[in-house]
Amino acid sequence: MTQITPQKFPFIQVEQPIGTFFVCAIPAAKILPLLAIERRGLTPEERLKVQRALDTSRQKDIAEYACEPDATFPTSVTLSANSEYVHVIEHTSEIVIGIELENDSKPTASLTIIDGDFSRQFVGIPDGQTIAVVIDGQHRIEGLKLAGAGNESSRLAGFNIPFVFMFDLSPEDMAKIFVTINSTQRKVDKSLISDLFGLSSRRSPQRTCHLIAVALNSTPEGPFYNGLKMLGRRVHDTEFLSQGSFCKYLLKLFSRKPEDDERKLYSGQQLSEDERAPLRKYFVDEKDEMILRIVSNYFTAVSNVYSKAWTDEPAKYLLRKTVGFSALIQLLIKIAPVALQVKDASIDAFMRVFKKIHDNLPDSELAVGKFSSSEAEATKMCNLMYSEVEMQISALLKSETDLGAIGE
């Protein structure tokens with residue numbers, strides 16, 4: 001049976017109320033093949049395991065991210081190590097992965113460590129043997145494996161991963177640590193995430209969304225003036241939609257896969273067209289000001305026609321809430337291609353559309369309580385509005401004077 005050569009890595013010892021553990025940075029190819037991920041299931045054996053089911057979509061996203069030139073995984077992966085194969089050498093502050101020989105053993109050791117007054121000898125572990133169970137961080141491990149980081153020949157083989165080594169934990173101990181780590185974490189507010197893209201100097205769909213949000217929120221007399229809860233916090237009574245929700249739905253107009261677009265832009269690749277995102281050509285051509293202008297014109301038309309729901313008493317109506325904004329973006333996705341085809345995405349053009357919608361779907365039909373807060377209800381609202389104009393959308397959008405006005 002082949003053996004894996006014993007390895008040693010420096011550690012930092014950490015003392016906390018739970019006990020002592022050891023932090024090491026280890027190249028991916030040196031350790032990924034040695035880790036076990038034990039997922040919880042319904043059989044008696046699986047009931048002793050603590051790990052959640054693998055999210056393959058998240059695994060794929062992490063694998064793609066790991067291949068980026070500036071990829072980073074600074075947070076540690078937590079392990080329950082088997083002390084038969086993982087050893088702490090306190091004198092040299094090293095973790096050794098291997099099998100320790102007894103004092104009277106005869107085979108020639110592959111690795112000798114001087115531990116104070118003693119000499120400790122180690123041989124490699126059998127090929128295929130795992131040395132530790134992953135308690136937290138399985139998706140990072142699985143993502144890196146998918147990216148090939150577990151292979152010595154991979155360019156990611158030397159990707160250093162920080163690990164926390166705990167030893168010989170019972171299923172109960174592992175469950176407690178897993179729950180503690182994952183139940184006390186709080187997701188970062190999406191509005192803050194959107195806002196932080198403003199610090200980036202690199203072009204990305206998320207940064208474009210942030211800049212458009214800031215521009216619309218700070219434009220006096222505009223449809224969103226002081227209307228977005230920047231950073232997710234309300235400062236003015238006029239704010240009804242969070243910055244995070246605004247950016248989430250705005251992205252659908254020009255980038256259906258923003259993370260992919262960001263990676264391609266960073267590596268200098270050409271962005272592809274996508275007919276399902278009607279304003280994408282402007283983003284691809286770096287004409288973000290056109291996206292801003294069309295969105296501003298569209299929602300100015302909404303605010304002019306549905307003035308009661310948008311401006312006068314917005315708290316009583318749905319248009320400025322998340323469900324209403326989602327519906328309006330879905331509607332824009334339907335009508336924008338026609339507006340661009342007839343070359344009229346002006347305020348007047350959009351107002352003709354909304355006046356027609358308003359004839360049979362007035363403000364009162366969009367009051368709070370008419371639709372619940374869900375994506376399905378947003379789609380229902382959008383379809384009701386679109387059904388009022390679907391058969392005559394080209395005629396409504398086309399300027400009677402044929403000005404070809406994309407702008408104001």
Side-chain angles (χ1 to χ4, degrees), residues 55-74 139-140 143-144 146-147 187-217 224 228-232 241-296 298-299 322-323 325-334 336-337 340 375 378-379 382:
D55 182 337
T56 55
S57 176
R58 186 178 175 194
Q59 176 194 24
K60 181 181 177 182
D61 288 343
I62 291 174
E64 292 175 351
Y65 171 71
C67 295
E68 291 189 13
D70 60 350
T72 178
F73 297 101
H139 285 96
R140 276 165 282 165
L144 284 163
L146 184 61
K187 288 187 176 181
V188 179
D189 189 284
K190 290 182 179 179
S191 293
L192 175 58
I193 292 174
S194 298
D195 202 71
L196 289 174
F197 276 102
L199 298 177
S200 174
S201 60
R202 286 169 24 189
R203 181 169 170 74
S204 70
Q206 298 93 330
R207 185 171 189 271
T208 292
C209 277
H210 166 76
L211 295 176
I212 290 175
V214 171
L216 288 175
N217 195 59
F224 288 98
L228 300 180
K229 291 180 279 187
M230 306 302 286
L231 299 178
L241 184 68
S242 72
Q243 179 184 4
S245 293
F246 177 88
C247 291
K248 171 186 175 181
Y249 294 108
L250 187 71
L251 273 171
K252 298 177 185 294
L253 295 172
F254 59 89
S255 178
R256 291 170 58 86
K257 295 182 178 180
E259 291 80 12
D260 286 350
D261 285 345
E262 185 179 12
R263 280 191 284 269
K264 288 179 180 178
L265 287 168
Y266 185 72
S267 60
Q269 299 179 53
Q270 179 65 34
L271 297 182
S272 59
E273 298 290 341
D274 186 348
E275 293 182 355
R276 297 169 295 177
L279 304 187
R280 184 164 178 79
K281 69 175 185 177
Y282 295 121
F283 181 75
V284 172
D285 294 340
E286 299 188 21
K287 295 180 179 179
D288 295 354
E289 71 280 0
M290 294 302 296
I291 300 174
L292 171 61
R293 187 181 302 177
I294 292 170
V295 170
S296 178
Y298 176 78
F299 282 98
T322 301
V323 65
F325 184 72
S326 174
L328 289 168
I329 289 292
Q330 290 183 52
L331 180 62
L332 180 55
I333 290 173
K334 290 178 178 290
L340 298 180
E375 284 302 300
T379 299
C382 165

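Worth knowing before you read on, the calculation uses all heavy atoms, side chains too, and leaves out hydrogens, waters and symmetry mates. Not measured: the values here are computed from a predicted model.
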Please tell me if the side chains of E262 and R202 come closer than 4.5 Å, counting only heavy atoms from C-beta onward. yes
Heavy-atom side-chain proximity of M230 to V214 below 4.5 angstrom: yes
To the nearest 0.5 Å, what is the distance between CG on L279 and NZ on K287? 13.0 Å
From E275 CD over to K281 NZ, what is the distance, rounded to the nearest 0.5 angstrom? 12.0 Å
Side chain to side chain contact (heavy atoms under 4.5 Å, CB included) for L216 and F299? Distances and angles first, verdict last. CA-CA 10 Å; L216 288 175; F299 282 98; over 6 Å; no
Between F246 and F325, does the ring centroid distance fall short of 6.0 Å? yes
Provide the closest heavy-atom pair for L146 versus K60 in the form atom of the first, atom of the second, distance. CD2-CA, 3.9 Å
So how far is it from K248 NZ to I329 CD1, rounded to the nearest 0.5 Å? 12.5 Å
Which atom of S204 lies closest to which atom of L265, heavy atoms considered: CA-CD1, 4.0 Å
Carefully, step by step, assess R280 and D274 under the rule salt bridge (Lys or Arg N to Asp or Glu O under 4.0 Å). CA-CA 7 Å; R280 184 164 178 79; D274 186 348; 5.4 Å; no
Heavy-atom check, side chain of E375 versus side chain of Q330, under 4.5 Å: yes
Residue pair A327 / C382: nearest heavy atoms and the distance that separates them: O-CB, 3.5 Å
Hey, mind stepping through I62 and F73 against side chain to side chain contact (heavy atoms under 4.5 Å, CB included) and telling me if it holds? CA-CA 10 Å; I62 291 174; F73 297 101; 3.7 Å; yes
Looking at K264 and Q270, what are the two nearest heavy atoms and their distance? CD-O, 4.4 Å
Is a donor on one side and an acceptor on the other found under 3.5 Å between the side chain of S255 and the backbone of L251? no
Trace of the side chain to side chain contact (heavy atoms under 4.5 Å, CB included) decision for Q206 with E259: CA-CA 9 Å; Q206 298 93 330; E259 291 80 12; 4.2 Å; yes
Approximate separation, where rounding is to 0.5 Å, of D261 CG and S272 OG: 7.0 Å
Any side-chain heavy-atom pair from L271 and F283 closer than 4.5 angstrom? yes
In short, V323 meets A378 closest at the heavy-atom pair O-CB, 3.5 Å
First locate atom CD1 of I333, then atom CZ of R276, and finally report the distance between them rounded to the nearest 0.5 Å. 11.0 Å
Kindly give the heavy-atom pair with the smallest separation between D70 and Y65, and that separation in Å. O-OH, 3.9 Å
Evaluate the side chain to side chain contact (heavy atoms under 4.5 Å, CB included) criterion for residues C209 and F254: first the C-alpha distance (whole Å), next the side-chain angles of each, then the deciding distance (0.1 Å), finally the verdict. CA-CA 10 Å; C209 277; F254 59 89; 3.6 Å; yes
Pairwise distance CG(L253) to OH(Y298) - rounded to 0.5 angstrom: 9.0 Å
Sidechain N-carboxylate O distance under 4.0 Å for R203, D288: yes
